[in-house]
**Q** 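There's a structure below that I have some questions on.
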Amino acid sequence: MPFEILRAPHVNVNDLTLKLVRWAVAPWQPIKAGTLLCELETTKAAVEFTADRAGFVLPAVQAGQSVRVGEPLAYVFPTADPRQAAELTVASAGEGDVVVSRKARDLMARFGLSHADFPRHTAIGSDTVLAMIRERGLHPLDGPALTPGVMPDFGPDDIVLWGETNLATLAWDALQAGGGGRAAAYLPDQGGGALFDLPVLTVGQWDEMKRAGLRKVFACSAGRAARAVQLAELARLGLEAATVVHPSAVVSAAARLGAGCFVGAGAKIGPLAEIGDGTSVLAGASVAHHSRVGCHCAISDGAHLGGNVTVGDGAVVGICAAVNKRVTIGDGALVVSGAAAFDDVPAGTVLRHDGSLARPG
């Protein structure tokens, strides 16, 4: 990958937005791990933000602006050549000098989004646009009609994306960025559409796909039950349930990922953490050391789990939610977006923003 993204850190459970007080480095200045980059301000304190890698830095946020946890603070390039930024981003004249990555620009055009849909951003990356697409349940404005595609010859690293469009789009983006394989075809859920320029296949073509060399499938249907059925079907067919990890994610060598997992852009999974089969850890989320996340869970964009947290099967931790260390989230429970869990959340319950618990229905 030609660049890395440094994202706004989660300093404490009460602050989901930070103010960038000042930059301590200039654009394209050389940095190394430990270099002080900027000073951030929370509601309680000023925090120094240091680099965790070496390279040449390009700030993405101006001093005095606010940034949400998980959003880009700066880009780090391998050399001090400003032409690299032209490969990454395009400046949008007349839009308040918003910087938009090329992939983000293409996704925005394809899904009918504009700069007005991102009013707080001075830099828009593909992960930000994909989160908006998923949140709104958008479908492409264009794209080929849903007709069976020509069967490709599958190589050893080729992956078929099988399921609903939103998670399939995230997996496609991760693989395009260099996430350990190549998206070779799309097999949509019933009633689904096409995905970019991938050949569209159907579940009636499994035998043909296997004869063409298929070995790996990323299962991405929505919902715990549907994903479990997919993984069982892949096992029956003798196909590998692929795990897809975005190259900008940081996964400890001592962590364990189950079959069919997804780890999004900028996510972090700490040492001795365990992620169950079919679970998604989305963009900017983090799972700290010794935590155990069950099967078919969703750890949403910007959510954070402290150390020694346990999350039961089928549970959902919402966008930018926080779970304190040693807390247990029960099977099928939901921590709503922006909520903070300081105590155990029983199975099948919903933790609200005010800390109260409810049961669905």
Side-chain angles (χ1 to χ4, degrees), residues 1-5 101-103 106-107 125-127 129-130 133-134 149-189 192 194-203 205-206 208-222 227 230-253 255-269 275-283 285 295-296 298-299:
M1 194 175 182
F3 68 95
E4 298 286 347
I5 300 175
S101 76
R102 293 186 183 278
K103 282 196 290 186
D106 294 342
L107 285 168
S126 60
D127 54 334
V129 179
L130 288 166
I133 291 168
R134 185 170 61 255
V150 175
M151 182 66 62
D153 290 323
F154 296 104
D157 294 325
D158 285 350
I159 298 173
V160 166
L161 309 179
W162 176 26
E164 59 92 19
T165 305
N166 292 326
L167 188 52
T169 301
L170 293 177
W172 174 91
D173 182 68
L175 295 171
Q176 285 287 107
R182 184 181 76 94
Y186 180 45
L187 201 164
D189 280 341
L195 184 68
F196 301 106
D197 58 352
L198 297 180
V200 176
L201 306 177
T202 71
V203 292
Q205 297 177 283
W206 284 123
E208 188 180 354
M209 286 185 252
K210 292 172 67 176
R211 287 194 297 270
L214 177 65
R215 296 293 179 267
K216 300 177 183 178
V217 178
F218 177 67
C220 52
S221 282
R227 194 82 63 82
Q230 283 189 308
L231 296 187
E233 177 66 3
L234 292 177
R236 185 189 70 81
L237 292 166
L239 294 169
E240 177 185 340
T243 286
V244 176
V245 179
H246 196 283
S248 67
V250 178
V251 180
S252 168
R256 188 190 71 82
L257 302 183
C261 292
F262 175 77
V263 183
K268 296 183 179 180
I269 299 177
I275 309 298
D277 296 348
T279 284
S280 297
V281 180
L282 299 178
C295 297
H296 313 299
I299 310 302

**Q** Between CE of M151 and CG of L214, what distance do you get to the nearest 0.5 Å?
**A** 8.5 Å

**Q** Short question: side chain of Y186, backbone of G163 - any donor-acceptor pair under 3.5 Å?
**A** yes

**Q** Tell me, do L187 and V203 make a side-chain contact under 4.5 Å, heavy atoms counted?
**A** yes

**Q** Can R182 and D157 be counted as an ion pair, charged N to O under 4.0 angstrom?
**A** no

**Q** Hey, what do you get for CZ (F218) to CD1 (I159), rounding to the nearest 0.5 Å?
**A** 9.0 Å

**Q** Quick one: does E164's side chain have a donor or acceptor within less than 3.5 Å of a partner on L167's backbone?
**A** yes

**Q** Looking at K210 and L237, would you say the former's side chain and the latter's main chain have a donor-acceptor pair under 3.5 Å?
**A** yes

**Q** What are the two closest non-hydrogen atoms of H246 and G264, and how far apart are they?
**A** CB-C, 3.6 Å

**Q** As an exercise, state the distance from OG1 of T169 to CG of L195, rounded to the nearest 0.5 Å.
**A** 4.5 Å

**Q** Less than 4.0 angstrom from a charged side-chain N to a carboxylate O is my criterion; do R211 and E208 meet it?
**A** no

**Q** In Å, rounded to the nearest 0.5 Å, how long is the span from CD of E233 to CH2 of W206?
**A** 7.0 Å

**Q** Give the C-alpha distance, both sets of side-chain angles, the deciding distance and a yes or no for side-chain contact (heavy atoms from CB on, under 4.5 Å) between L161 and L198.
**A** CA-CA 10 Å; L161 309 179; L198 297 180; 4.2 Å; yes

**Q** Minimum heavy-atom separation for G278 and L231, please, with both atom names.
**A** N-CD1, 4.1 Å

**Q** In Å and rounded to the nearest 0.5 Å, what is the CZ to CG distance from F262 to L282?
**A** 6.5 Å

**Q** Could you work out, with side-chain hydrogen bond (donor to acceptor under 3.5 Å, both in side chains) as the rule, every residue matching E240, not counting sequence neighbours?
**A** none

**Q** Checking D158 side chain against G155 main chain: does a donor-acceptor pair fall under 3.5 Å?
**A** yes

**Q** Let me confirm one number: the OG-CG distance from S280 to N166, rounded to the nearest 0.5 Å.
**A** 11.5 Å

**Q** Determine the minimum heavy-atom distance between I275 and C261, stating which atoms define it.
**A** CG2-SG, 3.9 Å

**Q** Which residues pass the side-chain hydrogen bond (donor to acceptor under 3.5 Å, both in side chains) test with R256, sequence neighbours left out?
**A** none

**Q** Tell me, with the steps shown, if F196 and W172 meet ring pair (Phe, Tyr, Trp, His ring centres under 6.0 Å).
**A** CA-CA 9 Å; F196 301 106; W172 174 91; 3.8 Å; yes

**Q** Could you walk me through whether W162 and Q230 pass the side-chain contact (heavy atoms from CB on, under 4.5 Å) check?
**A** CA-CA 9 Å; W162 176 26; Q230 283 189 308; 3.2 Å; yes

**Q** Quick one: closest heavy-atom pair of A177 and P247, and the distance?
**A** O-CG, 3.3 Å

**Q** How would you list, by chain and number, every residue that makes a side-chain contact (heavy atoms from CB on, under 4.5 Å) with A259, sequence neighbours excluded?
**A** A241, D277

**Q** Which pair of heavy atoms, one from A185 and one from L201, lies closest together, and at what distance?
**A** CB-CD1, 3.6 Å

**Q** Are P188 and V200 side-chain neighbours, meaning at least one heavy-atom pair lies under 4.5 Å?
**A** yes

